[in-house]
Structure formats: structure tokens, C-alpha cells
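In what follows, every heavy atom counts, from backbone to side chain, and hydrogens, waters and symmetry copies are set aside. These numbers come from a predicted model, not from an experiment.
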Amino acid sequence: NLCVICTGHLSKSEEQVCFACLFNLPKTNHFDVPDNALAKNLWGRVNVKQAAALFEFKKGNPVQDLMHAIKYKNKEELGKFMGKQMGLSAKSKMFLLPDIITSVPLHPKKEVLRGYNQSHLLALGMAEVMDIPVSKDNLIRVSSNASQTQKNRYERYINVQEKFEVKDPSIFENKHVWIVDDVFTTGAT
């Protein structure tokens, strides 16, 4: 077994990423600071109680490599592992833990093409270490949209309008729900 970042051999107690590389990933302070930069990005746009990202995603840093490996190189176990890291961080902080976790859905055609939803893999890893149920098929994407990667903030917002629905609102009603996505850029999704 090799570390997906440095390609060094993993010890028996390491999984996917060696302890040294994991330690050196650019962590945010989001789980320690309720009014963090990500949460502020959503203020006035959507009613959320908390928002956080575990790592800073920047072009060329190891987090980009990890996310691309999960998303484009069929590294499903890496997705669950990174979700576990997110869950462990959230669980050890003063964050209000959810009643249920869901993930931003892919359009069914895209999920079939990829074979999985990378955000759902993160949610599964989080749920495993936090012992919280996951809802996969209640939040659905009702229509496909063009890739967000080359769009500005406004274009992203327009691109995702009316793309999502909740099939059974009673599943989420009166519950604290975490919505997991793989990457947060402008907050349009």
C-alpha cells in the first residue's frame, strides 16, 4: 500500500494517506470558528446554521490531487477515507452534529458514467465515524447542468437554478441536516 500523495509505503496503521502527508495537508479553522470564511460566503444567500471545509483547495496543492483522484481516477476508498477525516474533525469540535447527512447529488446519467457520487463517498465516511445515518436518494438532481469549473459566481448560480428537489420532505423535516459536497467554490450549489 502506497500513500496517494507521496507514494511512500504505508504502515499497518495508515490508510490511503501517510500520517506525515495527512498532517501537512492545508487544514482550515472552520470547525473551530463558527463565523468562518466559508459560512460568511453563504450569509444572506441561504439559511444555514454552520458551514465548514476541512481543507483548503488550491490549484497545485495536494488537496486538489486527492479530490481529482477521488473524482476522476476511481479512488472510491480514498473518498471514504477523506470523509472519515472530515467526520473525525467535526466530531472532535464544538460543531452541532446532524441528525442525518446527505450529499449533493449528481445527475443520474453522470453518476452512472462515473460509477459513483464522490460527495456521497465523503458523506459515507463521515457517517461511519460519527454513527449518523445517510440519506442518498431523498435529495435528487432533476436535470443535468454544464460543468461549473469554468464559470464565474453568477454563471454558477444560474447554472444550478431549479436543478435539485427533495422527494420526501418528511425525511428532513425538523432535522439538522448536513449537506456534503466535494468542493466549495462560490456556494452556488
Between [X] (side chain only) and [Y] (backbone N and O only), is there a donor and an acceptor less than 3.5 Å apart?
{"X": "Asn61", "Y": "Glu56", "value": "yes"}
{"X": "Asp137", "Y": "Ile140", "value": "no"}
{"X": "Glu173", "Y": "Pro169", "value": "no"}
{"X": "His107", "Y": "Arg141", "value": "no"}
{"X": "Thr28", "Y": "Ala53", "value": "yes"}
{"X": "Asn29", "Y": "Asn36", "value": "no"}
{"X": "Gln50", "Y": "Leu96", "value": "yes"}
{"X": "Asp99", "Y": "His176", "value": "yes"}
{"X": "Ser119", "Y": "Asp182", "value": "yes"}
{"X": "Lys175", "Y": "Ile100", "value": "no"}

Could you check Gln64 against Lys59 for side chain to side chain contact (heavy atoms under 4.5 Å, CB included), going step by step and ending with a plain yes or no? CA-CA 6 Å; Gln64 180 184 25; Lys59 286 190 176 193; 4.0 Å; yes
Starting at [atom1] of [X], measure out to [atom2] of [Y] and round the result to the nearest 0.5 Å.
{"X": "Phe172", "Y": "Thr102", "atom1": "CZ", "atom2": "OG1", "value": "4.0 Å"}
{"X": "Asn117", "Y": "Lys71", "atom1": "CG", "atom2": "NZ", "value": "9.5 Å"}
{"X": "Leu121", "Y": "Ile70", "atom1": "CG", "atom2": "CD1", "value": "7.5 Å"}
{"X": "Leu122", "Y": "Met67", "atom1": "CG", "atom2": "CE", "value": "5.0 Å"}
{"X": "Leu42", "Y": "Asn47", "atom1": "CG", "atom2": "CG", "value": "10.5 Å"}

Is there a continuous path of hydrophobic side-chain contacts, each under 4.5 Å between heavy atoms, that joins [X] to [Y]?
{"X": "Leu10", "Y": "Val4", "answer": "no"}
{"X": "Trp43", "Y": "Leu38", "answer": "no"}
{"X": "Leu54", "Y": "Leu88", "answer": "yes"}

Are Phe19 and Ser13 side-chain neighbours, meaning at least one heavy-atom pair lies under 4.5 Å?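 Answer yes - side chains close enough.
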Going by heavy atoms in the side chains, are Pro105 and Glu111 under 4.5 Å from each other?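 They are not in side-chain contact.
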Of all the heavy-atom pairs spanning [X] and [Y], show the shortest one and how long it is.
{"X": "Ala90", "Y": "Leu97", "result": "O-CD2, 4.1 Å"}
{"X": "Cys3", "Y": "Cys6", "result": "SG-N, 3.5 Å"}
{"X": "Glu15", "Y": "Lys84", "result": "OE2-NZ, 3.7 Å"}
{"X": "Lys110", "Y": "Leu106", "result": "CD-CD2, 4.1 Å"}
{"X": "Lys80", "Y": "Leu124", "result": "CE-CD1, 4.2 Å"}
{"X": "Leu25", "Y": "Met82", "result": "CD1-CE, 4.4 Å"}

Would you check, one step at a time, whether the test side chain to side chain contact (heavy atoms under 4.5 Å, CB included) holds for His9 with Leu2? CA-CA 5 Å; His9 289 279; Leu2 302 177; 3.5 Å; yes
Quick one: side chain to side chain donor-acceptor pair (under 3.5 Å) partners of [X], sequence neighbours excluded?
{"X": "Lys49", "value": "none"}
{"X": "Gln16", "value": "none"}
{"X": "Asn24", "value": "none"}

When you look at Arg114 and Tyr72, which way does the side chain to side chain contact (heavy atoms under 4.5 Å, CB included) test go after all the steps? CA-CA 8 Å; Arg114 183 171 290 153; Tyr72 304 118; 3.9 Å; yes
Criterion side chain to side chain contact (heavy atoms under 4.5 Å, CB included) on Val180 and Met86, from CA distance to verdict: CA-CA 10 Å; Val180 178; Met86 293 165 61; 4.3 Å; yes
Atom CG of residue position Asp32 - does it have more than 12 heavy atoms of other residues, nucleotides or ligands inside 6.0 Å?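 Atom CG in Asp32 is packed in, count exceeds 12.
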Step through the shown structure and confirm whether more than 12 heavy atoms of other residues, nucleotides or ligands are within 6.0 Å of CG on Asp131.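 No - once you tally the heavy atoms of other residues, nucleotides and ligands closer than 6.0 Å, there are 12 at most.
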